[in-house]
Amino acid sequence: MSLPAKVSPGNLSFLEAGSVRVAPMLIGWRMYRREGDRLIGGAIVETEAYNQSDAASHSYRGETPRTRVMFGPAGHLYVYFTYGMHYCMNIVTGREGEGDAVLLRAILPDEGLDIIRARRNHRPDHELTDGPAKLCQALGVTGDDSGKRLNEGEFLLLPPRGAQPRVRATQRIGITRDTHRLWRFVLDE
DNA sequence: TTAATGATGGGCT
DNA sequence: GCCCATCATTAAA
């Protein structure tokens, strides 16, 4: 992709809706990270919604130093460290103070594949970015990126290339509370 | 193909 | 001290 230095990112105000509404809308949008003159990333194919009413959410027990950016304005990255070795990235949604975010669980990479393959230790292509921590590893995202705002240069959230794809809702993965909610959204072939 | 398990450290009770 | 919004490896079938 030959992207101009100055992109026109479009209006991200739709992120101010609640995460349960935004998470399915994000399927098909494209997340890229700019490293020098390279772009790394691709289309989002799996998301999960989290909010403060939700016992599985980091924001459930209120704002803490860790979750501060999750309670900030929409359109920022919330990155957390988990299981002693992994990072996961979220897009903050909703209104400031709500503690609302969408976890990015998987993308279909289409830019920077050589870099992604190297970072992912040359695993099979279908295992490069098919989990939240794999995605962060592939894009080189760490806790240092938490709080960064989208579409200000380094992280780009771009609209789908074609029509909005079909989306399927399922139960979320890897949580132990509020598991009944159908707040995981995947691209429906 | 699926199932079980160890790695590893910050956050919070 | 317990709990993870996980992953890669190994084992079983």
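A note on names: the letters A, B, ... follow the listed sequences, proteins ahead of strands, and every chain is numbered from 1. Because the structure is a prediction, the values reported are computed rather than measured.
In DNA chain C, stems built from 3 or more consecutive Watson-Crick or G-U wobble pairs, each with both distances under 3.5 Å, span B:1-7 with C:6-12, B:9-12 with C:1-4.
Annotation: the span from A:Glu63 atom CD to A:Gln52 atom CD amounts to 9.5 Å, rounded to 0.5 Å.
With sequence neighbours left out, the side-chain contact (heavy atoms from CB on, under 4.5 Å) criterion links A:Gln137 to A:Arg120. By the ring-ring contact (aromatic ring centres under 6.0 Å, His included) test, A:Tyr80 is found to be paired with A:His58, A:Tyr78, residues two or more places apart in sequence or in another chain being considered. Evaluation of the ring-ring contact (aromatic ring centres under 6.0 Å, His included) rule for A:Phe14 yields A:Trp29 as partners, not counting sequence neighbours. Taking A:Phe81 as the reference, A:Tyr87 meet the ring-ring contact (aromatic ring centres under 6.0 Å, His included) condition, with sequence neighbours excluded. Residues satisfying the side-chain contact (heavy atoms from CB on, under 4.5 Å) criterion with A:Glu127, sequence neighbours excluded, are A:Arg123, A:Pro124, A:Asp130.
Scanning residues 120-149 of chain A for heavy-atom distances under 4.0 Å to DNA chain C yields A:Arg120, A:Arg123, A:Gly131, A:Pro132, A:Ala133, A:Lys134. Taking a 4.0 Å limit (strictly below) on heavy-atom distances, residues 69-83 of chain A reaches DNA chain B at A:Phe81, A:Tyr83. Residues from residues 54-67 of chain A that place a heavy atom under 4.0 Å from any atom of DNA chain C, listed by number: A:Ala56, A:His58.
Side-chain contact check for A:Leu104 versus A:Glu46: every heavy-atom pair is 4.5 Å or farther apart. Inter-residue side-chain proximity for A:Glu154 and A:Asp145 is flagged as met; some heavy-atom pair is nearer than 4.5 Å. At least one side-chain heavy atom of A:Ile107 sits less than 4.5 Å from a side-chain heavy atom of A:Ile44.
Across all strands shown, A:Ile175 has heavy atoms under 4.0 Å from sugar-phosphate atoms exclusively, and none from any base. Here A:Arg172 lies out of heavy-atom contact (under 4.0 Å) with every strand.
The list of ring-ring contact (aromatic ring centres under 6.0 Å, His included) pairs with a residue in residues 106-162 of chain A, not counting sequence neighbours, is empty.
A donor-acceptor contact shorter than 3.5 Å is absent between the side chain of A:Asp178 and the backbone of A:Asp54. Listed for the A:Arg177 side chain is a donor-acceptor partner under 3.5 Å among the backbone atoms of A:Ala55. The backbone N or O of A:Arg181 sits nowhere less than 3.5 Å from a side-chain atom of A:Gln171 that would complete a donor-acceptor pair. In terms of modelled atom types and a separation under 3.5 Å, the side chain of A:Arg172 and the main chain of A:Thr179 share no donor-acceptor contact.
Residues A:Val69 and A:Tyr50 are members of one and the same hydrophobic cluster, defined by side-chain heavy-atom contacts under 4.5 angstrom among Ile, Leu, Val, Met, Phe, Trp and Tyr.
Between A:Arg149 and A:Glu152, at least one side-chain nitrogen of the basic residue sits less than 4.0 Å from a carboxylate oxygen of the acidic one, meeting the salt-bridge criterion.
When DNA chain C is scanned in the 5' to 3' direction for atoms under 4.0 Å from non-hydrogen atoms of chain A, the outermost contacting nucleotides are C:dC4 to C:dT9. From the 5' end on, the contacts that DNA chain B makes with chain A at under 4.0 Å to a non-hydrogen atom open and close at B:dA7 to B:dT13.
With hydrogens and angles left out, the side-chain atoms of A:Thr93 and A:Asp100 include a donor and acceptor closer than 3.5 Å.
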